[in-house]
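Proteins get letters first, then strands, A, B, ... in listed order; numbering begins at 1 in each.
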There are 2 protein chains.
Amino acid sequence: MHSATVLDSDLSARAKIREAALGLFGRSGFGVSLRTVARAAGFSPGLVVHHFGSKDGLRAAVDASVLTLCLERFEILPKDLPADRLARAMADSLSDVLGSSADIRQYLRRCLLDETPAGTTIFDELVAATRRGLMLLERAGGIRADTDPEWRPFQVLSVILGPLLMEPVMQRNIGEPAYAPDAVRRRTAANLDVLSRGLFTTAAVGRDGPTP
Amino acid sequence: MHSATVLDSDLSARAKIREAALGLFGRSGFGVSLRTVARAAGFSPGLVVHHFGSKDGLRAAVDASVLTLCLERFEILPKDLPADRLARAMADSLSDVLGSSADIRQYLRRCLLDETPAGTTIFDELVAATRRGLMLLERAGGIRADTDPEWRPFQVLSVILGPLLMEPVMQRNIGEPAYAPDAVRRRTAANLDVLSRGLFTTAAVGRDGPTP
DNA sequence: GCGGACACTGAATGACTGTTCAATTTAAGA
DNA sequence: TCTTAAATTGAACAGTCATTCAGTGTCCGC
């Protein structure tokens, strides 16, 4: 199915080490020692340096693999998609990446904090893509005119990325695994629904300006 | 205004160390050395251990201070607030905490990852409070009936916490500081608007089931 | 002024860190 | 089968880590 599901025995030593590092760095941060990564992958510490040059080299390799995995899903999106389908296509594409591996989700959450080059690239790319999509949608008349154009992309991204960023919280507060395929499906539908029709009835929130 | 704005010279050594740790742990993770924290606070490493027992003790103290700071804002919320004002009251209260200190925002983001007791408490409390508020709102007829009751709290939290979690991303992609008072005001209004009326026109997104 | 409690320092300790490197095993090609 | 290159190891190095502790200073009650 996905590269994350291949058996460990099928991977080269280099790839095994990189996968182990992906999991450990994501779970416990970049402070994890080279020895721990090497032990988890089943090799000696020296081999890690042999293959990646240094600990920073290892991190860069993990970053690069996550980066390409994430971006290639977006590059295969048909560029001439009609605006009314773009939102769902993007949501599906993202769900596909995120649903594939818990390690990658954890690593992405950490990228958000540590501001490694790969992390900034991925998330900035998401912002740019969302912005592009919304502008297309706007030209097609699909967006309410009285909403803030500069702020819209982040509102959409909040709804879409919320489950990723809050996955540990959700895991503790709902029964089902947050990224079970079925949960993702229902969530995607609910999110598109909120973005198109809102959650509250208009009576619930006053239409006056916000409180400072 | 807030405790975070008192001058460093007004703080006890213990508090200075704790504040330095808050900033450094948030920015660079718990891997930051005791020596670095001590140097940043202007004391010797020994004093940190003298006051907090150990590095874990320091972390626990930082956690506790963040926890009480966050929760006390919610405890002063009037319990009998009419449902139609609760959403805004909560949003304002949260904005107040988050707007006060960039260090606390950064630390909260890290809590989401590292699952320290304080972090899980804060976010679980937010989920519970949101759930309570939405049930009140539902009883008052303020919520569209055809939305998922179990999923609603996380949709609301995604919209509210999105800017917190994505702050570094936003910082890179918009001109204004993400938590400038004015930006927070406009955002709160826009978020309530999205939650009540949606962002898209209904024509833009098909009403059929979601794509797998 | 005296004495004891507390704040604080700086050096020491042993464990762990990333990295280096010579030695050894494995794989492959001729 | 012999040769050569690559893969892999384990011991070693210097540095940093959290923690301990004996010692110095500083304030407060008497």
- Message: Using salt bridge (charged side-chain N to carboxylate O under 4.0 Å, His left out), reason through A/Arg110 and B/Asp114 one step at a time and then give a plain yes or no.
- Response: CA-CA 10 Å; A/Arg110 202 160 288 276; B/Asp114 294 351; 3.3 Å; yes

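Applying the ring pair (Phe, Tyr, Trp, His ring centres under 6.0 Å) test to A/Phe25 and every residue at least two apart in sequence or in another chain returns A/Phe30. Applying the salt bridge (Lys or Arg N to Asp or Glu O under 4.0 Å) rule to A/Arg105 yields the partners A/Glu167; only residues at least two apart in sequence or on another chain are considered. Applying the salt bridge (Lys or Arg N to Asp or Glu O under 4.0 Å) criterion to A/Glu115, with sequence neighbours excluded, gives B/Arg172.
In this structure, the NE2 atom of A/His51 is 16 Å from the P atom of C/dT20, given to the nearest Å. Atom CZ in B/Phe52 sits roughly 16 Å away from atom C1' in C/dC6 (whole-Å rounding). Separating the CZ atom of B/Phe43 from the P atom of C/dG10 is a distance of 13 Å, rounded to the nearest angstrom. Following rounding to the nearest Å, A/Leu47 (CG) and C/dC21 (P) show an atom-to-atom distance of 17 Å.
The side chain of B/His50 places an N or O atom within less than 4.0 Å of a non-bridging phosphate oxygen (OP1 or OP2) of C/dA7.
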- In 5'-to-3' order, the base (B), backbone-only (S) or no-contact (-) status of each nucleotide in nucleotides 13-25 of chain D, using a 4.0 angstrom heavy-atom cut-off, is ----BBSB-----

Without placing hydrogens or testing angles, list every side-chain donor-acceptor pair under 3.5 Å for residues 153-166 of chain B, not counting sequence neighbours.
residue: B/Gln155; atom: NE2; partner: A/Ala190; partner atom: O; Å: 3.2
residue: B/Gln155; atom: NE2; partner: A/Asn191; partner atom: OD1; Å: 3.1
residue: B/Ser158; atom: OG; partner: B/Phe154; partner atom: O; Å: 2.7

Output side-chain donor-acceptor pairs under 3.5 Å for residues 42-54 of chain B, partner residues at least two apart or in another chain, one line each.
residue: B/Ser54; atom: OG; partner: B/Asp56; partner atom: N; Å: 3.4
residue: B/Ser54; atom: OG; partner: B/Gly57; partner atom: N; Å: 3.1

